[in-house]
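Quick note: numbers below take in every heavy atom, side chains included, and nothing from hydrogens, waters or symmetry partners. Just so it is clear: chains get the letters A, B, ... in the order the sequence lines come, proteins before strands, and each one is counted from 1.
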Amino acid sequence: GYYLKPLQASLIRAGIQPKGWAFDAMLAGYVLQSGRSSYPLPDLVQDYLGERLPTEDTTGESGLAAYTCAEAAACLRLEQVMSQQVAAMSCADVLYRIEVPLSEVLARMELAGVAVDVAYLHQLSDVLEALLRAKESEVYTLAGEPFNIASPKQLGQILFEKLKLPVGKKTRTGAYSTDAEVLEQLAAEYPICRSILEYRELSKLKSTYADVLPRLVHPSTGRIHTSFNQTVAATGRLSSSEPNLQNIPIRSEAGRQIRRAFVAAPGNRLLSADYSQIELRLLAHVSGDERLLQAFADDRDIHAATAMLLFGVPEEGVTPELRRKAKTVNFAVLYGMSDYGLSLELGMSVGEAHAFIENYFRQLPGVRRYLEETLAFARQHGYVTTLYGRRRYLPEIHHANRNVRQAAERAAINSPLQGTAADIIKLAMIDLDRRLRQEGYRARMVLQVHDELVLDAPAEEVPALAELARECMSGVARLRVPLKVDVEVGDNWAEMEKFMG
DNA sequence: TCGGTCACG
DNA sequence: ACGTACGTGACCGAT
Ligand SMILES: [Mg+2]
């Protein structure tokens, strides 16, 4: 078929459980070319069969029937051609063991939805409204006139022309940048910038979450049903939309108040199971770097261990500041960051940042070797792969423009790690979903946030479920490092306690 | 529809 | 001399 997930949702609602699914042309299109922006059936028919799907004429019953039959016939022929190509690029496992079975799991998760406390969000919205009005007056007073704070254009004129604040950076189009980084720089000297930052934080929370989520509660289920998009992210990750439930705030205290609105069903609890440092563990696995492998074998705090290596200090010499620097360097490696990028991030000279990176590679030579081999592979073949063979094409790896080319190089380094992590959690979801059904749990998987699964579970199932989730998530891949999974339980998604086991 | 901004992993 | 870390989605203002 093509885009089976809605059909799977209908069948689940009707209580019909097919044994399995053979083929989905949309998912095959994604596995063959994950960089496309979309996979309309007429495009697939044109590109893989060299044929034209008849133009959609669904006027009247006969038109609809004719077009639907043409679609069905096209899917059957697409399966022949596309499955050959998928096999030829060694992606059969990715399509048939990951994407096709995952589709039905996602359908179940979307149908299950997640409960939110609507009354609480309405209260929160009112509080945010009051705080915003106060913050707004503060800004107007400091500016000497009212204006639209939400307009970066007006804000730039007020700050950099009327008040003559020093211009930090310009945007790509040459306008004054007023982003958080610029305002943070100025905030110590100019209180209006602090006020604007606070206004922005509250405004974001209100307009994107507090005011929107209540409207998306489905009238018949009383829950929010996101869409998990399976063919959007070029790396193999899922995305979530309408609403996006993969970017619910957590980092700031005010943000966590939004997250508190996500609750368990009555009598239930929320269980969250997330992979600990999965991308760095994968880096250890694929690079084979001895010290990185050992650090994870010993279940060390990886950022602290990196700090000890980088700065040559004993464990008790790792200050929070050194750990923070080491953490930034670890991220820098995962993202293929340059010494220039690292210098900006750590507020040091390019030379110092360069020395940091050199020292990192001297201590972890396997990592340097892996990164260089990955880049060489990308240049030779024009693509990179995950541990399971998922491919991402990077044609811009040979681009004449250096910025464009270097962006492709960073993607070449990051995609195998981000993509393998995506493969692993997808496999875990398929396994966990099967176990939940086979073993008669009433718990439902409700959310996936890249390295985290959230389940809504009867309180009495929690102890067994915690073990099951751990087992499925850590056992799905046998690597040279353990895949550590942290489990937390709570009545809402913000206030969770570690589950021991 | 685009640019700027900001929420998440 | 140059240089915006990887991957997403949503909101607002301006056009
Ligand atoms: Mg984690």
Side-chain angles (χ1 to χ4, degrees), chain A residues 34-35 147-156 168-184 196-197 199-213 216 226-229 231-252 254-256 258-259 274-279 328-346 350 353-354 357 384 392 394 401-419 421-422 425 447-453 493:
Chain A
S34 67
F147 64 101
N148 188 345
I149 308 171
S151 164
K153 187 175 169 191
Q154 293 182 39
L155 181 59
K169 59 178 178 181
K170 298 285 187 75
T171 67
R172 203 162 45 79
T173 55
Y176 303 117
S177 173
T178 67
D179 69 17
E181 189 192 331
V182 169
L183 295 179
E184 197 61 54
I196 293 163
L197 283 165
Y199 177 91
R200 284 242 177 100
E201 180 185 8
L202 301 174
S203 169
K204 181 80 173 180
L205 296 178
K206 182 167 186 292
S207 70
T208 306
Y209 305 103
D211 289 347
V212 172
L213 294 175
L216 296 173
T226 186
S227 294
F228 286 108
N229 312 304
T231 60
V232 170
T235 56
R237 274 191 176 179
L238 298 177
S239 78
S240 158
S241 58
E242 294 179 293
N244 182 356
L245 296 185
Q246 291 181 323
N247 73 344
I248 300 303
I250 189 172
R251 293 175 189 171
S252 76
R256 282 192 287 277
I258 298 285
R259 188 168 276 235
D274 82 294
Y275 286 109
S276 167
Q277 304 294 351
I278 187 167
E279 291 186 12
T328 300
V329 172
N330 277 331
F331 274 107
V333 171
L334 292 180
Y335 297 155
M337 194 191 279
S338 65
D339 48 13
Y340 176 79
L342 184 64
S343 74
L344 291 184
E345 193 65 31
L346 289 181
V350 178
H354 186 80
I357 293 176
V384 290
R392 178 178 182 183
L394 296 165
N401 180 306
R402 200 181 51 124
N403 289 340
V404 176
R405 185 174 65 247
Q406 287 182 343
E409 290 169 358
R410 294 192 295 269
I413 286 169
N414 179 259
S415 296
L417 299 166
Q418 189 182 119
I425 195 168
L447 296 175
Q448 187 254 41
V449 192
H450 309 305
D451 69 350
E452 174 187 17
L453 297 178
W493 200 16

*Could you check whether Arg410(A) gets within reach of a base, just the sugar-phosphate, or nothing at all, counting any heavy atom under 4.0 Å?*
sugar-phosphate
*With DNA chain C as reference, determine whether Val350(A) or Asn414(A) sits nearer its 5' end, using the nearest nucleotide of each.*
Val350(A)
_Less than 4.5 Å apart, side chain to side chain, heavy atoms only: is that true for Lys170(A) and Tyr176(A)?_
yes
*Take the protein atom CD of Gln418(A) and the nucleotide atom C1' of dG7(C), then report the distance between them rounded to whole Å.*
4 Å
*Would you check if the side chain of Arg259(A) reaches a backbone N or O of Pro249(A) as a donor-acceptor pair within less than 3.5 Å?*
yes
*With heavy atoms under 4.0 Å as the rule, sort Ala422(A) into base, sugar-phosphate or nothing.*
nothing
*For Lys169(A), report the nucleic acid contact type (base, sugar-phosphate, nothing); a contact means any heavy atom under 4.0 Å.*
nothing
*Any side-chain N or O of Lys153(A) less than 4.0 Å from the OP1 or OP2 oxygen of dC12(C)?*
no
*Glu452(A) CD to dA7(B) P: how many Å, rounded?*
18 Å
*Where the side chain of Gln246(A) meets the backbone of Gln448(A), is there a donor-acceptor pair that is under 3.5 Å apart?*
yes
*asked:* Between the base of dC8(B) and the side chain of Gln246(A), is one N or O donor paired with an acceptor at under 3.5 angstrom?
replied: no
_Suppose we define a pair by two distances each less than 3.5 Å, Watson-Crick or G-U wobble; what does dA1(C) pair with here?_
none
*Are Asn244(A) and Thr226(A) side-chain neighbours, meaning at least one heavy-atom pair lies under 4.5 Å?*
no
*For Ser177(A), which contact category applies under a 4.0 Å heavy-atom criterion: base, sugar-phosphate, or nothing?*
sugar-phosphate
_Closest nucleotide among dT5(B), dG7(C), dG9(C) to the Thr171(A) side chain_ = dT5(B)
*Quick one: label Ile413(A) by what it contacts on the DNA or RNA (base, sugar-phosphate, nothing), any heavy atom closer than 4.0 Å.*
nothing
*At under 4.0 Å between heavy atoms, what does Asn247(A) touch on the DNA or RNA strands: base, sugar-phosphate, or nothing?*
base
_Criterion salt bridge (charged side-chain N to carboxylate O under 4.0 Å, His left out) against Asp179(A), the qualifying member of Lys169(A), Arg200(A), Arg172(A)_ = Lys169(A)
*Euclidean distance, atom CG of residue Asn229(A) to atom P of dG7(C) [Å, nearest integer]*: 17 Å
*Which of the following nucleotides, dT5(B), dG9(C), dG7(C), is nearest to the side chain of Val232(A)?*
dG9(C)
*Within the structure shown, what part of the strands sits under 4.0 Å from Ala332(A) by heavy-atom distance: base, sugar-phosphate, or nothing?*
base
*asked:* Using every non-hydrogen atom in the two residues, find where Leu245(A) and Ser240(A) come nearest and quote the distance to one decimal.
replied: N-OG, 2.8 Å
*Mind checking Asn330(A) for me? I need base, sugar-phosphate or nothing, with any heavy atom below 4.0 Å counting as a touch.*
nothing
*Under 4.0 angstrom, heavy atoms only, what part of the nucleic acid is Ala234(A) near: base, sugar-phosphate, or nothing?*
sugar-phosphate
*Base-pairing assignment for dA14(C) (Watson-Crick or G-U wobble, both under 3.5 Å)*: dT1(B)
_Within residues 199-213 of chain A, which residues have any heavy atom lying less than 4.0 Å from an atom of DNA chain B?_
Arg200(A), Lys204(A), Tyr209(A)
*Between atom CG in Asn244(A) and atom P in dG7(C), what is the gap in whole Å?*
17 Å
_Could you tell me how far dC2(C) sits from dC6(B) if I compare only their C1' atoms? Round to whole Å._
28 Å
_Counting distance alone, no hydrogens or angles: does the base of dG4(B) have a donor or acceptor under 3.5 Å from a partner atom on the side chain of Arg172(A)?_
no
*asked:* For a quick check of understanding: with a heavy-atom distance under 4.0 Å over all strands, which category does Ile250(A) fall into, base, sugar-phosphate or nothing?
replied: sugar-phosphate
_Residue whose nearest DNA chain C nucleotide is more 5′ - Ser239(A) or Gln154(A)_ = Ser239(A)
*Ignoring hydrogens and angles, tell me if any N or O in the side chain of Arg256(A) forms a donor-acceptor pair with the backbone of Ile250(A) under 3.5 Å.*
yes
*Quick one: does Asn229(A)'s side chain have a donor or acceptor within less than 3.5 Å of a partner on Val232(A)'s backbone?*
no
*Reckon Glu345(A) touches a base, only the sugar-phosphate, or nothing at all at heavy-atom distances under 4.0 Å?*
base
*Spacing between Ile149(A) atom CD1 and dG4(B) atom C1', to the nearest angstrom*: 16 Å
*asked:* Taking donor-acceptor contacts at under 3.5 Å, does the side chain of Arg402(A) reach the base of dC2(C)?
replied: yes
